[in-house]
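Everything on this sheet refers to the single structure shown next.
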Amino acid sequence: ERRFRIGFRDGAELLLARAEGAGATRGAEAPAFEARLRVDPTAGAGLALVWIPTEGYLVEAIELTPGQPPLQPGDIIRSVGGTQLGNRPSEADADRALADVLRAGAAASVFRPSTDPRYADIVRCSPATSSRAAAPLWLPAVGVGTWSWGNDDFGPGSGWDALDAAFHTALDGGAFFFDTAPTYGGGAAEDKL
């Protein structure tokens, strides 16, 4: 638990290691592309954005008017009209820069992060401390949640036989990270693991 507190913090650097030959993301679009922005005179761009200092703006939601094809929630707008939006001195500065170039038809450079993790993917989380003795935390990109294990109201098939089958299927598939807590299923999840 202490290692998680050290590794998981705001701004933690994560590095993905993918097994050789794991292949490209299935059905994915190119990770970086250009989009022409729409701006309605009354509704504006219709984007809910969150500034990520090193990247630009994360698209949280898109209003129907004016709509922003081909953008989707989760995309990161890195620049608009050639103006970089990440690595600015402050969020206020990034907001001003965006406001100066946000026009109908403006070209936006967009990055779409891959969201197709596989069991073979391993994530390296650098420690928050600068100590050379602190080792990185290595985690799989896919974990198994055990919140429902032992809860009577979760639904059909949640008996011990089904949980045992689910556990062994996960192990057979390469899973080795299980999220659990003493309160999951009144302690039954930890007992089962």
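Quick caveat, the model's predicted, so the values are computed rather than measured.
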Nearest heavy-atom neighbours spanning [X] and [Y]:
X	Y	result
Asp75	Pro70	OD2-O, 4.2 Å
Val39	Ala104	CG2-N, 3.7 Å
Ala94	Trp51	CB-NE1, 3.4 Å
Ile62	Leu71	CD1-O, 3.4 Å
Val101	Val80	CG2-O, 3.4 Å

With rounding to the nearest 0.5 angstrom, report the [atom1] to [atom2] distance, [X] to [Y].
X	Y	atom1	atom2	result
Glu91	Leu85	CD	CG	11.5 Å
Glu60	Leu49	CD	CG	8.5 Å
Leu102	Ile77	CG	CD1	8.5 Å

Do [X] and [Y] have side chains that get closer than 4.5 Å, going by heavy atoms?
X	Y	value
Glu34	Val110	no
Arg88	Thr83	yes
Thr65	Thr42	no

| request: Give every residue pair that meets the side chain to side chain donor-acceptor pair (under 3.5 Å) criterion with at least one member in residues 182-193, sequence neighbours excluded. | output: Asp179-Tyr184

Could you tell me whether the side chain of [X] and the main chain of [Y] form a donor-acceptor pair under 3.5 Å?
X	Y	value
Arg38	Pro66	yes
Glu55	Ile76	no
Asp93	Ser90	no
Arg36	Gly105	yes

| query | Does Asp95 have any side-chain hydrogen bond (donor to acceptor under 3.5 Å, both in side chains) partners at least two apart in sequence or in another chain, and if so, which? | reply |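 With sequence neighbours excluded, Asp95 shows a side-chain hydrogen bond (donor to acceptor under 3.5 Å, both in side chains) to Tyr57, given in chain and number order.
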
| task | Tell me whether the centres of the aromatic rings in Phe111 and Phe33 are closer together than 6.0 Å. | result |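 Not close enough - the centres of the two rings lie 6.0 Å or further apart.
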
| request: Taking side-chain contact (heavy atoms from CB on, under 4.5 Å) as the test, write out the residues that go with Ala165, two or more places apart. | output: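 Checked Ala165 against side-chain contact (heavy atoms from CB on, under 4.5 Å); zero matches.
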
| said: For Phe178 and Leu171: C-alpha separation, side-chain torsions, deciding distance, then whether side-chain contact (heavy atoms from CB on, under 4.5 Å) applies. | reply: CA-CA 10 Å; Phe178 291 82; Leu171 288 178; 4.1 Å; yes

| field | Residue Asp161 excluded, over 12 heavy atoms near CG under 6.0 Å | value |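 No.
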
| task | Look at atom CD of Glu63 and say whether more than 12 heavy atoms of other residues, nucleotides or ligands are closer to it than 6.0 Å. | result |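 Counting neighbours around CD of Glu63, 12 or fewer heavy atoms of other residues, nucleotides or ligands fall under 6.0 Å, so no.
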
